[in-house]
2 protein chains.
Amino acid sequence: MTLTGQMLIGQHPLRGSGTAFRAINPATDTPLEPAYAGGDAAHVEQACALAWAAFDTYRETSLMARAAFLEAIAEQIEALGDVLIERAAAETGLPRPRLQGERGRTCAQLRTFARTVRAGEWLDVRVDSAQPEREPLPRPDLRQRHIALGPVAVFGASNFPLAFSVAGGDTASALAAGCPVIVKAHNAHPGTSELVGRAIARAVAACSLPEGVFSLLYDSGYDLGIALVGDSRIKAVGFTGSRSGGMALCRAAQARPEPIPVYAEMSSINPVYLFPAALAARGDALAQGFVASLTQGAGQFCTNPGLVVAIQGPALQRFVQVASDSLQHCAAQTMLSPGIFQAYQRGASALADHAEVAATGKAAQGPNQGQARLCVTQADAFLANPALQAEVFGATSLVIACTDSAQVRQVSEHLEGQLTATLHLDEADLADARSVLPLLERRAGRLLVNGWPTGVEVCDAMVHGGPFPATSDSRTTSVGTAAIQRFLRPVCYQDFPDALLPAALRHDNPLLLRRLLDGQREA
Amino acid sequence: MTLTGQMLIGQHPLRGSGTAFRAINPATDTPLEPAYAGGDAAHVEQACALAWAAFDTYRETSLMARAAFLEAIAEQIEALGDVLIERAAAETGLPRPRLQGERGRTCAQLRTFARTVRAGEWLDVRVDSAQPEREPLPRPDLRQRHIALGPVAVFGASNFPLAFSVAGGDTASALAAGCPVIVKAHNAHPGTSELVGRAIARAVAACSLPEGVFSLLYDSGYDLGIALVGDSRIKAVGFTGSRSGGMALCRAAQARPEPIPVYAEMSSINPVYLFPAALAARGDALAQGFVASLTQGAGQFCTNPGLVVAIQGPALQRFVQVASDSLQHCAAQTMLSPGIFQAYQRGASALADHAEVAATGKAAQGPNQGQARLCVTQADAFLANPALQAEVFGATSLVIACTDSAQVRQVSEHLEGQLTATLHLDEADLADARSVLPLLERRAGRLLVNGWPTGVEVCDAMVHGGPFPATSDSRTTSVGTAAIQRFLRPVCYQDFPDALLPAALRHDNPLLLRRLLDGQREA
């Protein structure tokens, strides 16, 4: 299982012609072999041509065949064994147990989508039967199903080298929908990407699917990604990363002759509300829980609690004190890459320019180690300075002290769109919580009570999304089974004979779907 | 029921301050009283402020209350009586029976959405129960519902002064989703718009809803519409009209600090395929049916059959001959407005520059009467000239003669996105049809066999949408009950106590919804 540094154009490993780059072990700041040479416009062309050629066949694979393919990918990833964990650890600085857990999550996610594909609810089959006798005009027979949008470009994320990368949620949901996928690997973990990409390619071959169902491309810069989004055969884009990166892809997608949807998950500071009764009753425990959530994984989560909102007073002072005491004992942690570490340093330092630093974690003991940080400011200052809302990707958070519950609402109205908002409350806080809840529903994709936002369950009810700039499209989620809907569009078939209808729409309902038949859901 | 020329800011009639304009009776080219003065930025501000103030209340109205409101609108429109039909006929040149039918469709559409609201499937409730004992981590209780996006800007369309205008499909589906609506009236039928707007306002009052649920604005130009789309409190846009108009709104929506979705239905030429066996067996009947569909309502339908694709030969020649004979006897028909008539003249004449004119209808007998026209060209010419794909809004169509079935597929691959594609076929054509079907599924929202694309049923299975440029968002439909999904986004509630949960998500399921509960659909 030697790494080759090669891209995958369908089943064909191919060395790029562009600038070569190597992964950096962030724990040691040393480069890792082999070198990965980026692809160029010709590689984009080849991958897109293969994906397009595969599309009509792949999107009409049976539910069983497509589900089996997703499961085969999971098996192939598991078959990589420790090699995958070793390489991912070297490339990301993430601890092995975390990566083993993430591998489990990634494979479980693929299997969850296999179940979703088999169940077939995503087809959203609707049938309105013909009414030939209707006056003044007869009604035709109308049948709707959903079909795949087309080949999808997926950009691997840095912070989940497995679960949000080559075989991550975007890839799994796009493949589940029937879309071929072309992945632009994240530069920080090219070796992990190669291993997983080869696992997917093996699953493609094992399932006798057209090779264009999956390709994997590298680039040392941004040109290839922009070219990929600009290719007319790409019909949607999945991305998790920075606001600037996501917006660049959105612009590229809108500038095409045929604009396409971009699902970019970009920026969130995940406000945590501490309501008065809860803060008074268990402020110390909340402070401990908060620091644990903040510093977990060096704070490198989209749902990291970057903002705490509460009414000022002794209880909040004590919360800050206990949190500060706890934070001071937190060891600095190796961040995912030198680039992310440097961005963290800049962001944390910019925040400290505008807010009081209540505490910092232990000093770094090695390269690229991020120090946790807790800042405090008054709501007036927060409301006056948009810079205080900028996401600092890492273990830094800002406590906002409000004068009263009216100011809590004012701060809430001032917030940009978020992935999550968390409410810590007791029985006596319910009225206060009710008054702020509508504001938060308008601003976040997931609302939590008495928990912490880190930890995103892969299930039917999950929403990992939210209003801009949390994502570029609040109508969807990038985690959970509803993510399949991002890559589908409805098609209506009018007065089709059974001989031409897809199986999902045939009169005898061979897939045993629970259709919406003449306005009634079938049992 | 005297017309006032006033806008409606919530419940308040208000005269605009901008340039005054009058509707033109296209049949006589005479202006109609009263004058309508356009609104300005201050009116946009007032309407948006009211809509925003109404949003949190309106989006949480009960399913029953919201459905009753939609039904009340239908009743208020019906209560307008003949005044509405008279004014609409004067403003559009459309025959009274057509307008009576359209009123019936409009009110039926509102009642259909009322039923959809009550059924509650659009909430897409998903529940994943807590698993406190799960290892290595407990699973929280996760519940998802859909909520309204926010206030929606709706642009009235010219060609359906009732069904796609002030109380048309966009308004009905946005109100059904829980979104306040601000309509920018179409300039061609301001009086019809005022009557319907006042009917909606009366329904708002009768249902004791916040007045900001509905406002109606006028403008003689484009500034107000662009200002409306640019307002931060508007969260989505519905539009039916020209490609240039739709694209201008898309650009305005993307240029906002917070981009928002635009559902623009813009341009479609609706190819009709005549397969060999069907053409040989019943070419004359097909020609008659084609001309009837083409000339209905002066061809002013988004789904007008603007393109016919068939293999050259005697059968196609005869089809063209019979269609030409029939078309020559078609009277010229008054078009909706002088502007639309002039655009039709330009478009039909541009098409004639590049294709042979096989037939024209009878000459105009009055102002703004469009003459039907049938053109013919070879596939090679069509493939070489993108101008031949431009929509000519009116009763003009182009027949493309292909050398063989391979060229039929080539033409199909060359087509832009469409609202519809129609296949006329007999048993012997099935294999041919099968080979072109995947291409058409990728290009159109609705596929028809042995029918005509005009006539769009309002039902569950309808898709009135399609890939760009048919619409700006192929993932949705603007007709049929699935249109409600355009104005919704998912929100997840984690570990919420029942006391804070919305009714749709409470543990005892008081709305009796068929939830997706722990992966199983409830019976």
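Protein chains get the first letters and strands the later ones, always in sequence-line order, with residue 1 at the start of each.
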Ranked by heavy-atom pairs below 4.5 Å to chain A, first place among B:E427, B:R446, B:Q144, B:R475 goes to B:R475
Taken in chain and number order and not counting sequence neighbours, the residues that satisfy ring pair (Phe, Tyr, Trp, His ring centres under 6.0 Å) with B:F113 are none
Separation between CE (A:M462) and CG (B:L142), nearest 0.5 Å, reads 4.5 Å
Under 4.5 Å to a heavy atom of chain A? For B:R515 that would be neither
- prompt: Would you say the side chains of B:R126 and A:T481 form a donor-acceptor pair under 3.5 Å?
  reply: yes
Review point. Quick one: does A:D495's side chain have a donor or acceptor within less than 3.5 Å of a partner on B:V449's backbone?
Key: no
| Is there a donor-acceptor pair under 3.5 Å between the side chain of B:R115 and the backbone N or O of A:G519? | no
When the 4.5 angstrom heavy-atom criterion is applied to A:E522 and chain B, the contacting part is backbone
Honestly, the part of A:L516 sitting under 4.5 Å from a heavy atom of chain B is side chain
Of B:G465, B:A482, B:A433, the largest count of non-hydrogen pairs under 4.5 angstrom with chain A goes to B:A482
The interface call for B:R145 against chain A, heavy-atom contacts under 4.5 Å, is side chain
When the 4.5 angstrom heavy-atom criterion is applied to A:L430 and chain B, the contacting part is both
Heaviest contributor of heavy-atom pairs below 4.5 Å to chain A, chosen from B:A523, B:G451, B:G150, B:P259, is B:P259
Polar side-chain atom of B:D128 near backbone of A:C459 as donor-acceptor pair, under 3.5 Å
no
